[in-house]
Visitor: 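Before I ask anything, let me first share the structure, which is written out below as structure tokens.
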Amino acid sequence: MKELFLGLDCSTQGLTAIIVDFNSFQIIHEYEVNYDKDLDHYKTQNGVYIHDDGITVHSNPIMWLEALDLLFHNMMNDKVAMNTILAISGSAQQHGTVYLNDTFEKRIQNLNPNSNLSDQMLDTFSRKTSPVWMDSSTSKQCQEIREKLGGFKEVIKLTGSNTFERFSGPQIRKFYQHQPEQYDKTQMIHLISSFMASLLLGKSAPIDHGDGAGMNLMNITTSLWDQDAIEATAPNLRLKLPPLVKSHEIIGKITPYFTEKYGFSSNTLLIAWSGDNPNSLIGVGLTSKGKVAISLGTSDTYFGYMEQLYLDFKGEGHVFGAPTGDYMSLICFKNGSLAREEIKNQFNLTWGEFSNMLLSTPPGNSGNIMLPYFFPEIVPLVLNPKVYRFGFNENDPEINVRAIVEAQFLSMKLHSRWIGEKATEIHATGGASTNKEIMQVAADIFNSPVRIFELTNSAALGAAIRAAKSFYTSVDQDKNWPEITESLLKLLVKEILYPNENIKELYEEMLLLYEKCEDHVLRGGENPEFFRQRFKTKCLIRDRKL
Ligand code: ADP
Ligand code: XUL
């Protein structure tokens, strides 16, 4: 007898569904709607609209709803047994906000299955588009909130993170300042995760502690809305926010629109949705100390499970709630897959050719170093994008391919030092984690084994696992987290890549050089050329010996 759980992931570039059978521990279905390709009438690029200023980045909530209808329609056409799904949870790109007017609640309570979601919901928004995590247009608001709350250390202590441009609080403040009338007409502000959950539930869904921590509005110690942070952000905001709940909370049952239209059982339980990174924490099996994950999706992230609250007072990292009820650390790099694609497209390469160039170039890249800010960067903060090349130019494909991949992992290693503990193993996920040659560079730079999985969407998988965990608890068959994740994940391991010990020192030295380059360009530190020449000579001697 199958025991089916559905995990959904509303990510930057697409909406994904994964159905897991917890009886056989198998993933039995995977579906995806890609916004650019399958819903091209919305004219998004990589799922978003980048405004002319380069720093305002929005997406379209109606498009996500059309994607949900299309996804379920495709599943139903393939005769997926929707009526046997026991519980559903979900994941969404973090921080993005959805602004609803006073018709929203009523509309989602009375959805007509003979029509579609996008037509019925079209006039329920008080802001047509949603700022998403790629937006970096709120520096002014970040500064204002930070000052009102007594400086960045206080904000970190209160909310787990410094104020960040993409976080929901500064974004809400910008909307209130720029469009005060529309702000007044806003009855409810949802995160993308709670917005999508609301549609399935037929009423406004709560925000979970994992995604709520990415707003600069939730107190990281008490997991409650923080009145000071709310007042520093915008007037009357408290009334516009849904309640907060634990990530494992069962929030209700699926609404008739979906049972009548797609054949879900009316008993299907809904579990609170969360952000893609908290979901991925579960989806790659990080439920104990010492393991970290690298996710190479649209953004590159580095995250780990934390038993105790540990804050980054340098202000670059974040602490979110983990779905286990503990904490997780996270650092987010905007120049992830889309930056790698810039180099790939510039030289008209396939991913296979890109990988071959990594294989044919030496570790250390003969002393050539890149600072890869193709887009405004989050960590380190770079608002005016520019790519810096030390020792080479933009014309050589081989050097550029190795330079971007080494730069991304060196930066990740450099900026994750605050997490303290050295990871004993890295679990990899995200679209680019299928690329073994890219992941080998990660193993070498971190000098740690890297575990790659058959499945790259750990956010949707994590959501399905969370749905199962809450379901079993509700029927008194509680399973602990390692039990529920490991039984499934051990069957999904594709390969473990081991670091090449012979280049451990080379990369340790390159990390120091990378730090000097970053320091020089971003903070006016000394010119790194002398150190780079010394490193280059070492590389050349080493390469000649091989
Ligand atoms: P998100 O969840 O943020 O929407 P994904 O995790 O699906 O993104 O990752 C999508 C990215 O994966 C694409 O932008 C693409 O650059 C990258 N990708 C896909 N296949 C490969 C590959 N073989 N090598 C490197 N990158 C890849
Ligand atoms: C995390 C972040 C991104 C988004 C999109 O803080 O901004 O990882 O969640 O994936």
Side-chain angles (χ1 to χ4, degrees), residues 8-16 30 32-37 44-48 57 59 64 67 91-96 131-136 160-162 164-168 171 191-193 210-211 213-216 274-281 283-284 293-303 316-320 328-345 349-358 377-379 401 404-405 408 428-439 441-442 452-453 455-462:
L8 295 162
D9 175 33
C10 183
S11 78
T12 315
Q13 303 197 46
L15 178 71
T16 316
E30 269 187 80
E32 194 196 352
V33 171
N34 179 284
Y35 307 135
D36 290 4
K37 286 191 207 124
T44 53
Q45 261 187 337
N46 300 113
V48 298
V57 185
S59 189
W64 301 325
S91 150
Q93 50 173 311
Q94 297 197 248
H95 318 295
V132 296
W133 68 273
M134 293 170 82
D135 190 292
S136 50
S161 301
N162 194 358
F164 272 85
E165 279 73 4
R166 68 192 192 288
F167 274 42
S168 321
Q171 291 290 342
L191 285 180
I192 302 172
S193 56
D211 221 11
M215 300 177 79
N216 283 139
S274 188
D276 52 359
N277 293 294
N279 274 294
S280 282
L281 189 83
V284 295
I294 289 178
S295 169
L296 305 181
T298 311
S299 62
D300 283 355
T301 58
Y302 179 96
F303 56 86
E316 291 180 338
H318 316 297
V319 176
F320 297 152
M328 67 180 286
S329 57
L330 180 123
I331 309 157
C332 179
F333 304 86
K334 198 191 284 183
N335 285 277
S337 283
L338 300 186
R340 285 183 288 277
E341 281 178 29
E342 289 278 316
I343 293 288
K344 171 181 166 285
N345 296 342
L349 305 173
T350 60
W351 282 122
E353 289 164 339
F354 187 97
S355 296
N356 284 338
M357 289 184 179
L358 283 176
E377 183 49 79
I378 297 167
V379 175
V401 163
I404 186 167
V405 175
Q408 289 174 319
T429 181
S433 68
T434 48
N435 190 317
K436 199 174 140 182
E437 289 70 30
I438 292 180
M439 294 325 299
V441 178
I452 24 188
F453 296 93
L455 183 111
T456 58
N457 193 333
S458 56
L461 179 64

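Remember, it's 1-based here, ligands and their atoms both numbered in the order they're listed. If you read the sequence from its start, that first residue is 1, and numbering goes on from there.
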Visitor: Kindly check if the number of other-residue, nucleotide or ligand heavy atoms within 6.0 Å of CD (Q45) is above 12?
Guide: no

Visitor: Give the ring-plane orientation class for H318 versus F320, where under 30° counts as parallel, over 60° as perpendicular and anything between as tilted.
Guide: parallel

Visitor: Go through ligand 1 atom by atom and flag the ones less than 4.0 Å from a non-hydrogen atom of S11.
Guide: 1 (P), 2 (O), 4 (O)

Visitor: Should you measure from each heavy atom of R166, which atoms of ligand 2 turn up under 4.0 Å away?
Guide: 1 (C), 2 (C), 6 (O), 7 (O)

Visitor: Taking only non-hydrogen atoms of T301, do any sit less than 4.0 angstrom from ligand 2?
Guide: yes

Visitor: Give the single entry among G336, S91, S337 that approaches atom 17 (C) of ligand 1 most closely by any heavy atom.
Guide: S337

Visitor: Are any of the N or O atoms of S299 closer than 3.5 Å to those of ligand 1?
Guide: no

Visitor: Taking C-beta and beyond as the side chain, do I343 and M357 meet within less than 4.5 Å on heavy atoms?
Guide: no

Visitor: If the cut-off is 4.0 Å to any non-hydrogen atom of G430, which atoms of ligand 1 fall inside it?
Guide: 6 (O)

Visitor: Report, in ascending order of atom number, the atoms of ligand 1 lying under 4.0 Å from any heavy atom of Q13.
Guide: 4 (O), 14 (O)

Visitor: Taking only non-hydrogen atoms of T434, do any sit less than 4.0 angstrom from ligand 1?
Guide: yes

Visitor: Is T12 close to ligand 2, meaning an N/O of one under 3.5 Å from an N/O of the other?
Guide: no

Visitor: What about H318: any of its N or O atoms under 3.5 Å from an N or O on ligand 2?
Guide: no

Visitor: So if I count the atoms of ligand 1 from 1 in the order they appear, which ones are less than 4.0 Å from some heavy atom of T12?
Guide: 3 (O), 4 (O)

Visitor: By number and element, which atoms of ligand 2 are closer than 4.0 Å to a non-hydrogen atom of D276?
Guide: 4 (C), 5 (C), 9 (O), 10 (O)

Visitor: Decide whether an N or O pair under 3.5 Å exists between N277 and ligand 2.
Guide: yes

Visitor: Nearest protein heavy atom to atom 19 (C) of ligand 1, by residue and atom, and its distance?
Guide: G431 O, 3.6 Å

Visitor: Go through ligand 2 atom by atom and flag the ones less than 4.0 Å from a non-hydrogen atom of Q94.
Guide: 4 (C), 9 (O)

Visitor: Using a strict 4.0 Å cut-off to heavy atoms of L330, name the atoms of ligand 2 that fall inside it.
Guide: 1 (C), 6 (O)

Visitor: Can you see whether T44 engages D36 through a side-chain donor-acceptor pair at a distance of less than 3.5 angstrom?
Guide: yes

Visitor: Which of the atoms in ligand 2, numbered in the order shown and given with their element, are less than 4.0 Å from a heavy-atom of H95?
Guide: 1 (C), 2 (C), 6 (O), 7 (O)

Visitor: Locate the shortest heavy-atom distance separating N279 from S274; write the atom from each residue and the value.
Guide: ND2-O, 3.3 Å

Visitor: Taking W133's backbone N and O only, do any of them form a donor-acceptor pair with Q94's side chain (distance below 3.5 Å, no angle check)?
Guide: no

Visitor: Return the closest protein heavy atom for atom 24 (N) of ligand 1 as residue, atom name and distance.
Guide: N435 ND2, 3.1 Å

Visitor: What part of E341 sits under 4.0 Å from ligand 1 if we count only heavy atoms: the side chain, the backbone, both or neither?
Guide: side chain

Visitor: When you measure from atom 1 (P) of ligand 1 to every protein heavy atom, which one gives the shortest distance, and what is it?
Guide: T298 OG1, 3.3 Å

Visitor: Using the benzene-type ring in the case of Trp, are the ring centres of F164 and H95 under 6.0 Å apart?
Guide: no

